[in-house]
Amino acid sequence: MPFDWRALSGPVLTAATAVVAFLVDRTLVAVPNPAPLFVCIVAFAASLSGTASGLTSAVIAVVSSALFFLNQRATPGYDMSDLARMLLLAITAAGTAVMTGHLRQKWIDAFASQRRHHATAERLRAALDQVDIGIVLLDADTRAEFINRAFRHYFSLPDEKADSRPPFIALMYHGRDTGAFELPEDELSHFIAQRTEMMRSGDSTPINIKLTDGEVLRFSCTALPDGGRMLSYTPVTDLVRHTDDPAGADYYRSLRGGGGDRDLARHLRAAE
């Protein structure tokens, strides 16, 4: 069984304080009532090891005070003031031990819960870094709290810039400055303004974004309960494949251009 020095430290410190008070009182000078010091030690014991250690220290403190009061009297026994002070010490010390131990347990539980949430967040972060869908999480001020590896790859975003919590508009300007978007230069400003407005309004309408390297990403914005946004960039380039039936090429190309459900329904009716 391992030695628990935390559980013993409070009672040992209480007993040591009582012994020192007795020795000083009998050999050097008169010592005032050490009850306030005992209460402080009880609080220390309960905060260090919990309620049990605090209550043990409280018992030692009350017994020590009883002996201390007896030692200070010229005649044996206690008067009503001594009993009242010991009762007050017992109530105060016990209450201090219980309350401090309870607060300590709440702090430990909160810390454990925070560690679990942190571990879950780290696992989720690692999982999102493995998918080929670009993910960006924005806070209520539209600053990026998380940018996964896929997004960094699609838009050649350096790690130091991604980790600096850039605002969404800075990410759009980065794509413009690196020539990531397959758009004429005179249309880029309108494109950025439109994407920014969609993000701010929480518009979840999917939009296809063509990149200069041939990739096609389907952009979607999801409004979060805390006012933030989750942006997803799903690769849809493989919707047009060389092995597809040439008769359906127009349909697949329409998906790349955002043709949507009407083209899909028309293609299915033609197939029937």
Interatomic spacing from [atom1] in [X] to [atom2] in [Y] - rounded to 0.5 Å:
X: Leu124; Y: His117; atom1: CG; atom2: NE2; result: 13.0 Å
X: Leu103; Y: Lys106; atom1: CG; atom2: NZ; result: 7.0 Å
X: Arg123; Y: Arg125; atom1: CZ; atom2: CZ; result: 13.5 Å
X: Ile147; Y: Leu128; atom1: CD1; atom2: CG; result: 12.5 Å
X: Arg165; Y: Thr142; atom1: CZ; atom2: OG1; result: 10.0 Å
X: Arg143; Y: Leu171; atom1: CZ; atom2: CG; result: 10.0 Å

So, the side chain of [X] versus the backbone of [Y]: is there a donor-acceptor pair under 3.5 Å, distance only?
X: Ser164; Y: Lys161; answer: yes
X: Ser53; Y: Ala7; answer: yes
X: Thr100; Y: Ala43; answer: no
X: Thr56; Y: Ala52; answer: yes
X: Thr234; Y: Ile133; answer: no

Are side-chain heavy atoms of [X] and [Y] found at a separation under 4.5 Å?
X: Leu211; Y: Phe181; answer: yes
X: Asp159; Y: Arg149; answer: yes
X: Thr51; Y: Gln105; answer: no
X: Arg218; Y: Asn208; answer: yes
X: Ser220; Y: Leu231; answer: no
X: Ser64; Y: Ile60; answer: yes

Taken in chain and number order and not counting sequence neighbours, the residues that satisfy side-chain hydrogen bond (donor to acceptor under 3.5 Å, both in side chains) with Asp226 are none

*Around Glu185, counting heavy atoms of other residues, nucleotides and ligands shown, do more than 12 lie under 6.0 Å from its CD?*
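Counting neighbours around CD of Glu185, 12 or fewer heavy atoms of other residues, nucleotides or ligands fall under 6.0 Å, so no.
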
Surrounding CD of Glu122 (heavy atoms of other residues, nucleotides or ligands, distance under 6.0 Å), is the total greater than 12?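 Atom CD in Glu122 is crowded, with more than 12 foreign heavy atoms closer than 6.0 Å.
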
Are [X] and [Y] grouped together when hydrophobic residues (ILVMFWY) are joined by side-chain heavy atoms under 4.5 angstrom apart?
X: Tyr173; Y: Val136; value: yes
X: Ile135; Y: Leu138; value: no
X: Phe44; Y: Val42; value: no
X: Phe191; Y: Leu217; value: yes
X: Leu48; Y: Met99; value: no

Give me the atom names and distance for the closest heavy-atom approach of [X] to [Y].
X: Ala97; Y: Gly54; answer: CB-C, 3.5 Å
X: Ala46; Y: Gly101; answer: CB-N, 3.9 Å
X: Arg229; Y: Cys221; answer: CD-SG, 3.6 Å
X: Met199; Y: Phe168; answer: CE-CD2, 3.6 Å
X: Gly134; Y: Tyr154; answer: N-CE1, 4.0 Å
X: Ser57; Y: Pro11; answer: OG-N, 3.1 Å

By the rule that ILVMFWY residues connect when side-chain heavy atoms come within less than 4.5 angstrom, directly or transitively, which residues belong alongside [X]?
X: Leu23; value: Val19
X: Leu88; value: none
X: Ile108; value: Trp107

*State, without any angle test, whether Ser201 and Asp203 hold a side-chain donor-acceptor pair at a distance under 3.5 Å.*
no

Worksheet entry | Trace of the salt bridge (charged side-chain N to carboxylate O under 4.0 Å, His left out) decision for Asp129 with Arg152 | CA-CA 10 Å; Asp129 273 335; Arg152 302 182 192 205; 5.8 Å; no

Thr178: what forms a side chain to side chain contact (heavy atoms under 4.5 Å, CB included) with it, not counting sequence neighbours?
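Once residues adjacent in sequence are excluded, the partners of Thr178 under the side chain to side chain contact (heavy atoms under 4.5 Å, CB included) criterion are His174, Ala180.
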
Residue pairs passing the ring pair (Phe, Tyr, Trp, His ring centres under 6.0 Å) test with at least one member in residues 205-234, sequence neighbours excluded, are Phe151-Tyr233, Phe155-Tyr233, Phe219-Tyr233

